[in-house]
Amino acid sequence: MIGLYAVVALGGSVLNVRNPDRIREAADLISEALESGLKTCVVVGGGPVAREYINVARDLGAPETALDELGITVTRLNAALLNLALGRPGTDVPETPSEAAETVRREGVAVCGGTHPGHTTDAVGAMIAELLQAPLIIVTNVDGIYDRDPSEPGARKFREISARELERLAFEADLEAGGSFVVDPVATKIIRRGRVTTHVLSWDDFKSAGIRGTLRGRHDGTIVRG
Ligand code: UTP
């Protein structure tokens, strides 16, 4: 059964200023969900533009928290762009998870970006989902959660995984030099403690399933049982 709310984290690799068609397509998918009565919060990532700013500032010797704040600025710019694609000019981008949750309760929709240094927009999505007791959809540039780096031979995609196992995989990958995992470790912790059912899938999969179809599990990604 689908509840009243959904939270969708659209990674910056999926939605960014370099791919205007996607922004329009995302707006259409969100509008369709809103028209069906689903109250939806969308959290937008920073993508290649955030990475460019961060890399230049790092070379300039800036501290990591300042780099995070630059990244947050870019995510919020992308959120403003999606608001325009949704026909909502002049809409403020919420600055905290509580503000986003409150906006969704009141207005039925909110689009936000990052909030505080030290995590990514996946974690913001998980926090809002925890507050709303809603399912979370993470749309990313891989097609689900794998038991190891998907480029390694023999890597196996999970259809379902427990939140505890997801958290273990994310923290293990984080410890490796240069290691990165599809979901940020802070997000996995919140998914586990908030018992947030989470769907992790690719853009193409999300586009064909739509938000309601994704929540019904009609996709080829991974379902995390919170
Ligand atoms: P993203 O959420 O896009 O991070 O935020 P990401 O996972 O690196 O990017 P994709 O989705 O894989 O492309 C961009 C950057 O902004 C900062 C972090 O530095 C992050 O890497 N950020 C974002 C924060 O510090 N806090 C937030 O709440 C969000």
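Here the structure is a predicted model, which is why all the values come from computation and not from measurement. Both counts, for ligands and for their atoms, begin at 1 and track the order of listing.
Both the backbone and the side chain of Ile72 come within 4.0 Å of ligand 1, counting heavy atoms alone. Residue contacts with ligand 1, taken as heavy atom pairs separated by less than 4.0 Å, involve Arg51 solely via side-chain atoms from C-beta onward. At a 4.0 Å heavy-atom cut-off, ligand 1 does not touch Asp184 at all.
Enclosure of atom CZ in Arg159 by more than 12 non-hydrogen atoms of other residues, nucleotides or ligands within 6.0 angstrom is indicated. Heavy-atom contacts from other residues, nucleotides or ligands closer than 6.0 Å to CZ of Arg24 number 12 or fewer. Arg164 CZ: 12 or fewer foreign heavy atoms inside a 6.0 Å radius. Surrounding NZ of Lys189 are at most 12 heavy atoms belonging to other residues, nucleotides or ligands under 6.0 Å away.
Set against the non-hydrogen atoms of Gly45, the atoms of ligand 1 under 4.0 Å away are 3 (O). For ligand 1, the atoms lying closer than 4.0 Å to a non-hydrogen atom of Gly46 are 1 (P), 3 (O). For ligand 1, the atoms sitting less than 4.0 Å from at least one non-hydrogen atom of Gly118 are 25 (O), numbered in the order shown with element in parentheses. Numbered from 1 in the order shown, with element, the atoms of ligand 1 that lie under 4.0 Å from a heavy atom of Gly114 read 27 (C), 28 (O), 29 (C). Heavy-atom proximity to Thr75, at under 4.0 Å, picks out these atoms of ligand 1: 5 (O). For ligand 1, the atoms lying closer than 4.0 Å to a non-hydrogen atom of His116 are 24 (C), 25 (O), 26 (N), 27 (C), 28 (O). Heavy-atom proximity to Val124, at under 4.0 Å, picks out these atoms of ligand 1: 28 (O). Here is the list of ligand 1 atoms found below 4.0 Å of a heavy atom in Gly11: 11 (O).
Nearest protein heavy-atom neighbour of atom 22 (N) of ligand 1: His119 O, 3.2 Å. Looking at atom 13 (O) of ligand 1, its nearest protein heavy atom turns out to be Ser13 N, 3.4 Å. Regarding atom 2 (O) of ligand 1, its nearest protein heavy-atom neighbour is Thr121 OG1, 2.5 Å. If you check which protein heavy atom lies closest to atom 11 (O) of ligand 1, you get Gly12 N, 3.2 Å. Counting only heavy atoms of the protein, atom 7 (O) of ligand 1 lies nearest to Thr120 CG2, 3.7 Å.
The option from Asp68, Asn16, Val43 that lies nearest to atom 25 (O) of ligand 1, judged by heavy atoms, is Asp68.
Separation of atoms CD1 (Ile128) and CD (Glu102) is listed at 12.5 Å; rounding is to 0.5 Å. Rounding to the nearest 0.5 Å gives a distance of 11.5 Å between CD1 of Ile137 and OG1 of Thr197. With rounding to the nearest 0.5 Å, the separation of CE in Met127 from NE2 in His116 is 8.0 Å. Between the CZ atom of Arg51 and the CG atom of Asn16 there is a distance of 9.0 Å, given to the nearest 0.5 Å. One finds the CD1 atom of Ile30 at 6.0 Å from the CG atom of Leu10 (value rounded to the nearest 0.5 Å).
A salt bridge links Glu130 and Arg193; the closest N-O separation between the charged side-chain nitrogens and carboxylate oxygens is under 4.0 Å.
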Practice problem: Could you please spell out the steps behind the salt bridge (charged side-chain N to carboxylate O under 4.0 Å, His left out) verdict for Glu32 and Lys207? | Solution: CA-CA 12 Å; Glu32 187 184 287; Lys207 193 175 140 185; over 6 Å; no
